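Comments concern the structure below.
In what follows, every chain begins at residue 1, and chains take the letters A, B, ... in the order their sequences are listed. Bear in mind that the values here come from a model prediction, so they are computed numbers and not experimental data.
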Protein chains: 2
Amino acid sequence: MTPNAERALDALGDPTRRLVFKRLRGGTRSVREIAEGLDVSRPAVSQHLKVLRTAGLAVVRIEGTRRLYAVDTRGVEALRSWLDGFWDKALVAFKTAVEREAVKRRKP
Amino acid sequence: MTPNAERALDALGDPTRRLVFKRLRGGTRSVREIAEGLDVSRPAVSQHLKVLRTAGLAVVRIEGTRRLYAVDTRGVEALRSWLDGFWDKALVAFKTAVEREAVKRRKP
DNA sequence: TCTATACGTTAGTATTGACTTACGGTTAGT
DNA sequence: ACTAACCGTAAGTCAATACTAACGTATAGA
């Protein structure tokens, strides 16, 4: 799917879906391998993987009867650039100002 | 609140909460200013801001009767480093491999 | 003191969505 | 052809949560 930061954030908003996604960090895995050890059923994992795919965070490769999932770095890239919108120089300047305020308030 | 990537992702999983958060990108704003134009009530915005604060994504500064909210860059930083865990060289190498597969499949 | 403004919180409701169960389709092996 | 392994999908249920309405608090100003 085309990478979209908003959809990626929606996808990563769920804890167990993050667990599924984090299992892809270790490399390519089949659905069975991903579901193993998780306390949800295999169909649930399949549904999570579908959401991750739609969000541009995962890719599939069919191999025999198995489907091997892996991280789609384009989704991660989309998230990075979205985050960068909250990380420009003006905001950093404000951050230091806030921290000074916090220190002053801590020592009245 | 102490910056935590998981909680930040939980917070940004909601669309209207992202709208609230994106309004902080323009600089410091009061709750009234943030709620203006949104199709949810002002108390709803307050609740969203509380979640963003708990997630380490927003900071408050009291000024008279108003509360000025701003982006907490520490939360954004936490998200960035979390994302970097899915962005190492091994994954990039795999990405190019997947793209080659996709091209082959498109031209059978 | 009285009023208005600006917010946070609580209680209650409604809707979203994560999960299980059951089923169907596909491939590999015998 | 038959079986087993692997996986996606559909339907239905239940819990999480986003929202509104009502209320209470604090500050600024007249």
Reckon Arg67(A) has a side-chain N or O less than 4.0 Å from the OP1 or OP2 of dC7(D)?
-> no
Qualifying residues under salt bridge (charged side-chain N to carboxylate O under 4.0 Å, His left out), relative to Glu33(B), sequence neighbours excluded = none
With sequence neighbours left out, the residues meeting salt bridge (charged side-chain N to carboxylate O under 4.0 Å, His left out) with Lys50(B) are none
Find every protein N or O atom lying less than 3.5 Å from an N or O atom of nucleotides 25-30 of chain C, and list the pairs.
none

Non-hydrogen atoms of Gly13(B) and Asp10(A) that approach each other most closely = O-OD1, 2.6 Å
Looking at Thr28(A) and Ala70(A), what are the two nearest heavy atoms and their distance?
-> OG1-CB, 4.0 Å
Measure the distance from [atom1] on [X] to [atom2] on [N] and round it to the nearest whole Å.
| X | N | atom1 | atom2 | result |
| --- | --- | --- | --- | --- |
| Leu49(B) | dC7(C) | CG | C1' | 11 Å |
| Glu33(A) | dC7(D) | CD | P | 8 Å |
| Arg66(B) | dA28(D) | CZ | C1' | 12 Å |
| Ile62(B) | dC7(C) | CD1 | C1' | 10 Å |
| Ile34(B) | dC7(C) | CD1 | P | 8 Å |
| Lys50(A) | dC7(D) | NZ | C1' | 13 Å |

Residues 3-33 of chain A vs ring pair (Phe, Tyr, Trp, His ring centres under 6.0 Å), sequence neighbours excluded, gives Phe21(A)-Phe86(B)
Counting N and O atoms only, with roles assigned by atom type, does the side chain of [X] sit under 3.5 Å from a partner on the main chain of [Y], one being a donor and the other an acceptor?
| X | Y | result |
| --- | --- | --- |
| Arg17(A) | Ala11(A) | yes |
| Arg18(B) | Leu12(B) | yes |
| Arg42(B) | Ala35(B) | no |

Go through dC7(D), dC7(C), dG8(D) for me and flag the one nearest to the Tyr69(A) side chain.
-> dG8(D)
Partner residues of Glu36(B) under the side chain to side chain donor-acceptor pair (under 3.5 Å) criterion, sequence neighbours left out | none
What string of B, S and - do you get for nucleotides 18-23 of chain D 5' to 3' if you count protein non-hydrogen atoms under 4.0 Å?
-> SBBBB-
